[in-house]
Colleague: 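Here you go, one structure.
What you see below is based on every heavy atom in this structure, not just the backbone, and it leaves out hydrogens, waters and symmetry mates.
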Amino acid sequence: MHRIQQFCLTGMMTALAALTASQAQADETETTVNSYAAGYVAGFTCSAVFNANKSAEQIREHELTGIYSLIEERVNTLQAEVDSEHQWVRVKYDNGARERISVWRPRLGCVDLPVGATVNDAKLVSRPFTEQPTAKDSGAPWQQRHPINTPTGNTELDQVIAQAFSKHYGSGARTSAVLIATPESILAEHYIDGFTPETSQRTWSVAKSIAASIVGAAVYQRELDVKAPATIANWQSPLDPRGDITLEHLLHMASGLDSNAAGNRTDRVYMGGGRVADTATATALEVEPGSRWKYANNDTMLVMRAVRETFEDPQDYLKFPYEALLDKIGMQHTFLESDWNDDFILSSQVWTTARDLARLGVLHLNNGEWQGERLLPANWLEYISTPAPAQPNEGAPGYGAQWWLYNERFPELPNDTIAARGNRGQFLVVIPSKNLVVVRRGYDIAGEPGFSEHDFVRDILAAL
């Protein structure tokens with residue numbers, strides 16, 4: 001018999017009939033929200049077990065606490081059944097009447113099956129890769145690597161790093177990893193207990209900047225034109241104004257599409273087992289493309305959907321990011337997860353390590369070249385770092401092409417500082433003028449002040 005583990009997710013039991021204030025604002029029914037909670041537990045347990053080799057205790061502590069208030073109380077009432085032989089996770093809900101399934105695949109991580117699917121459907125998901133790369137991180141390209149979890153010899157820098165693992169940079173901060181590097185050296189690398197350079201965790205919206213890098217690879221290697229219409233198949237009626245939305249509009253978070261009041265809430269895809277093709281492509285135009293900046297997960301999913309539609313074979317599309325970019329720079333512990341229709345959910349659902357994120361940063365410090373091979377257009381760093389015509393409100397960083405810009409809005413940092421930023425305190429900061437990359441990973445608590453990457457990077461620069 002194959003081995004099945006029961007991960008009991010204990011916590012305070014609350015009455016499921018009562019909706020919290022945030023839940024009451026949602027359009028979803030009680031059954032749908034229950035499905036979201038089950039899908040969240042199934043998906044995160046699957047990814048944490050098979051991508052990151054985490055224990056049940058680590059999953060409870062890191063992945064299932066301090067999370068989205070809509071589902072947190074429900075999550076604590078659910079059990080995850082893990083089939084280690086067939087590499088799937090099942091979570092039953094609504095008193096066992098229904099179930100959610102998440103299935104792991106080599107390189108691609110976990111895919112959440114739709115409501116109504118059973119474990120018998122796991123065999124139907126695409127599997128373009130048959131093997132997972134070696135489990136040990138090579139340490140390349142860094143010629144020098146400071147020993148993990150040891151003082152750097154720079155007292156001021158060591159103090160800054162120690163503060164990163166406290167509440168100094170945010171009362172809700174829970175840091176899991178810090179890495180500071182140049183293209184030649186890892187200057188500092190620290191992890192919490194139980195984490196190693198091979199321990200991946202979810203990037204959340206840092207994935208958007210990874211998506212931009214994949215688009216850059218498609219621009220260079222497949223002659224994709226960011227100024228051209230996105231050519232989403234669902235928008236091709238002559239009467240459809242969405243046909244005027246370009247890839248650049250999507251990269252700039254300026255599609256003009258209706259993404260509801262909170263553009264970062266795409267629960268049906270993230271937790272509900274929905275397809276990108278049924279959700280992101282279905283929204284109507286709200287304002288003229290390019291006229292408004294609005295942070296929207298759908299814009300990122302749509303730009304990747306547009307890249308997909310340039311491929312005849314979806315299997316080739318699933319392999320492209322690895323063959324064209326990730327494998328080239330050694331991101332061997334990165335999992336780009338997709339929906340069950342083979343659309344990447346690159347607005348959020350990537351699992352990767354601190355070192356792999358630092359490698360992506362080094363690629364940009366090297367202006368898109370890796371060991372003499374060009375992977376991104378020569379002007380790609382300049383392109384993603386150029387402020388989009390429509391910008392976020394003052395008080396936040398500026399925005400380029402799926403990267404945040406610190407420019408004149410944050411004078412304490414170099415004007416060319418860019419960052420990939422994600423929920424729960426995920427940060428990849430790239431400073432070309434300092435030839436420096438800073439990575440911070442975390443499990444910050446939702447609803448509390450999170451980790452201030454701006455203050456952290458400011459203090460690192462002062463220490464260096």
Side-chain angles (χ1 to χ4, degrees), residues 1-10 34-60 62-64 75 77-136 198-202 269-276 314-315 317-319 321-322 332-345 349-353:
M1 293 181 62
H2 54 270
R3 182 166 60 94
I4 292 183
Q5 300 168 297
Q6 291 283 350
F7 285 178
C8 184
L9 310 174
T10 59
N34 289 343
S35 168
Y36 286 171
Y40 193 98
V41 174
F44 272 83
T45 301
C46 179
S47 298
V49 170
F50 298 118
N51 294 345
N53 298 310
K54 286 188 174 183
S55 67
E57 292 74 19
Q58 288 176 314
I59 294 170
R60 282 194 294 270
H62 300 143
E63 312 297 347
L64 302 175
V75 158
T77 70
L78 298 171
Q79 293 182 334
E81 177 187 339
V82 180
D83 186 324
S84 298
E85 179 181 348
H86 298 107
Q87 297 172 318
W88 52 253
V89 173
R90 171 166 54 194
V91 176
K92 294 185 178 182
Y93 65 102
D94 281 357
N95 296 318
R98 300 172 180 86
E99 61 186 25
R100 294 294 309 281
I101 314 292
S102 190
V103 182
W104 187 83
R105 302 170 291 173
R107 308 304 307 274
L108 295 172
C110 292
V111 54
D112 297 338
L113 301 189
V115 173
T118 70
V119 294
N120 294 326
D121 298 314
K123 62 181 179 294
L124 300 176
V125 299
S126 300
R127 298 178 184 272
F129 301 101
T130 58
E131 296 181 355
Q132 190 66 24
T134 178
K136 187 69 175 176
E198 291 81 28
T199 305
S200 65
Q201 66 182 89
R202 181 156 159 160
V269 172
Y270 282 16
M271 300 179 287
R275 304 191 311 169
V276 170
Q315 301 293 299
Y317 169 67
L318 289 174
K319 292 187 286 187
Y322 297 89
Q332 296 291 295
H333 293 86
T334 297
F335 303 83
L336 310 182
E337 296 185 336
S338 76
D339 66 14
W340 50 270
N341 192 50
D342 296 336
D343 274 309
F344 287 118
I345 309 175
Q349 288 180 213
V350 174
W351 283 64
T352 192
T353 64

Colleague: Hey, are the side chains of Val89 and Phe50 touching, using non-hydrogen atoms and a 4.5 Å cut-off?
Modeller: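 Side-chain contact under 4.5 Å: yes.
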Colleague: Whether the Asp112 and Ser102 side chains hold a donor-acceptor pair (N or O, under 3.5 Å, no angle test) is what I'd like checked.
Modeller: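 Checked: Asp112/Ser102 side chains pair up, N/O donor to acceptor below 3.5 Å.
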Colleague: Applying side-chain contact (heavy atoms from CB on, under 4.5 Å), run through Lys92 and Gln79 and close with a yes or a no.
Modeller: CA-CA 7 Å; Lys92 294 185 178 182; Gln79 293 182 334; over 6 Å; no
Colleague: Does Phe44 have its ring centroid less than 6.0 Å away from the ring centroid of Tyr40?
Modeller: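 For Phe44 and Tyr40, the ring centres are under 6.0 Å apart.
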Colleague: Does any part of the side chain of Thr334, heavy atoms only, come nearer than 4.5 Å to the side chain of Thr353, both counted from C-beta?
Modeller: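 Of all side-chain heavy-atom pairs linking Thr334 with Thr353, none is under 4.5 Å.
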Colleague: Any chance you could lay out the side-chain contact (heavy atoms from CB on, under 4.5 Å) test for Glu337 and Ile345, step after step, and finish with the verdict?
Modeller: CA-CA 6 Å; Glu337 296 185 336; Ile345 309 175; 6.0 Å; no
Colleague: Should Thr199 and Asn53 be marked as a side-chain contact (heavy atoms from CB on, under 4.5 Å) after you check the CA-CA gap, both sets of side-chain angles, and the distance that decides it?
Modeller: CA-CA 7 Å; Thr199 305; Asn53 298 310; over 6 Å; no
Colleague: With a 4.5 Å limit on heavy-atom distance, are the side chains of Gln87 and Val82 in contact?
Modeller: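 They are not in side-chain contact.
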Colleague: Run the salt-bridge test on Glu63 and Lys54 with the 4.0 Å N-O cut-off and return the result as yes or no.
Modeller: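 Counted as a salt bridge, because a side-chain N and a carboxylate O are separated by less than 4.0 Å.
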Colleague: First locate atom OG1 of Thr118, then atom CG of Asn120, and finally report the distance between them rounded to the nearest 0.5 Å.
Modeller: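 That separation rounds to 4.0 Å.
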Colleague: Do Asn95 side-chain atoms and Ala97 backbone N/O form a donor-acceptor pair below 3.5 Å?
Modeller: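 Judged by distance alone, no pair lies under 3.5 Å.
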Colleague: Working to the nearest 0.5 Å, report the span between CD1 of Ile59 and OG1 of Thr45.
Modeller: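 It comes to 5.0 Å.
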Colleague: Check whether any side-chain heavy atom of Val350 lies under 4.5 Å from a side-chain heavy atom of Phe335, and answer yes or no.
Modeller: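 Sidechains of Phe335 and Val350: no contact.
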Colleague: Do you know the tightest heavy-atom contact between Pro128 and Lys319?
Modeller: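 What the structure gives for the nearest pair is CB-CG, 3.9 Å.
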Colleague: Working to the nearest 0.5 angstrom, can you tell me the gap between Arg127 CZ and Leu108 CG?
Modeller: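 Output value for this atom pair is 9.5 Å.
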Colleague: Do you know which two heavy atoms are closest between Trp351 and Ala52, and how far apart they sit?
Modeller: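 Where Trp351 meets Ala52 most closely, the heavy atoms are CZ3-CB, 4.3 Å.
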Colleague: Take Phe344 and Tyr317 through the ring-ring contact (aromatic ring centres under 6.0 Å, His included) test and state the conclusion after the steps.
Modeller: CA-CA 9 Å; Phe344 287 118; Tyr317 169 67; 5.1 Å; yes
Colleague: Does any non-hydrogen side-chain atom of Cys46 lie less than 4.5 Å from one of Trp88?
Modeller: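 Result no, sub-4.5 Å side-chain heavy-atom pair not found.
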Colleague: What distance separates Gln332 CD from Thr352 OG1, expressed to the nearest 0.5 Å?
Modeller: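 OG1 of Thr352 is found 10.5 Å from CD of Gln332.
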Colleague: Between Asn51 and Trp104, do the side chains contain an N or O donor and an N or O acceptor separated by less than 3.5 Å?
Modeller: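 Asn51 vs Trp104: donor-acceptor pair found between side chains.
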Colleague: State whether a side-chain donor-acceptor pair under 3.5 Å links Asp342 with Ser126.
Modeller: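 The criterion, which ignores hydrogens and geometry beyond distance, is satisfied for Ser126 and Asp342.
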Colleague: Is a side-chain N or O of His333 found less than 3.5 angstrom from the main chain of Ser200, in a donor-acceptor match?
Modeller: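 Judged by distance alone, no pair lies under 3.5 Å.
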Colleague: For the pair Asn341 (side chain) and Asp343 (backbone), establish whether a donor and an acceptor sit closer than 3.5 Å, ignoring hydrogens and angles.
Modeller: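 Flag not set: sc Asn341 to bb Asp343 has no pair under 3.5 Å.
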Colleague: Hey, what's the ring geometry for Tyr322 with Phe129, parallel, tilted or perpendicular (30° and 60° as the breaks)?
Modeller: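 Ring orientation of Tyr322 relative to Phe129: perpendicular.
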Colleague: Distance alone, cut at 3.5 Å: any donor-acceptor contact between the side chains of Ser338 and Arg105?
Modeller: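 Note: Ser338 and Arg105 side chains meet the donor-acceptor criterion.
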Colleague: Work out which heavy atom in Ala117 is nearest to a heavy atom in Glu99; give both atom names and the distance.
Modeller: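 Of all heavy-atom pairs spanning Ala117 and Glu99, the closest is O-OE2, 3.9 Å.
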Colleague: Identify the two heavy atoms, one from Arg100 and one from Ala38, that lie closest to each other, and give their separation to 0.1 Å.
Modeller: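 Arg100 and Ala38 have their closest heavy atoms at CG-CB, 3.7 Å.
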Colleague: I'd like to know if the side chain of Ser47 pairs up with that of Arg202 as donor and acceptor (distance under 3.5 Å, no hydrogens or angles considered).
Modeller: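 Note: Ser47 and Arg202 side chains miss the donor-acceptor criterion.
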Colleague: Are Pro106 and Glu131 side-chain neighbours, meaning at least one heavy-atom pair lies under 4.5 Å?
Modeller: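 Heavy-atom side-chain distance check fails, nothing below 4.5 Å.
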Colleague: Locate the shortest heavy-atom distance separating Ala80 from Val41; write the atom from each residue and the value.
Modeller: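 That closest heavy-atom pairing would be CB-CG1, 4.0 Å.
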Colleague: Compare every heavy atom of Val125 with every heavy atom of Ala122, then report the nearest pair and how far apart it is.
Modeller: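 Heavy-atom minimum between the residues: O-CG2, 3.2 Å.
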Colleague: How long is the gap from CD1 on Ile101 to CH2 on Trp340, to the nearest 0.5 Å?
Modeller: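 One finds 14.5 Å between CD1 of Ile101 and CH2 of Trp340.
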Colleague: Strictly distance-based, threshold 3.5 Å: is any side-chain N or O of Asn34 a donor or acceptor partner for the main-chain N or O of Asp94?
Modeller: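 Here the side-chain-to-backbone pair does not exist.
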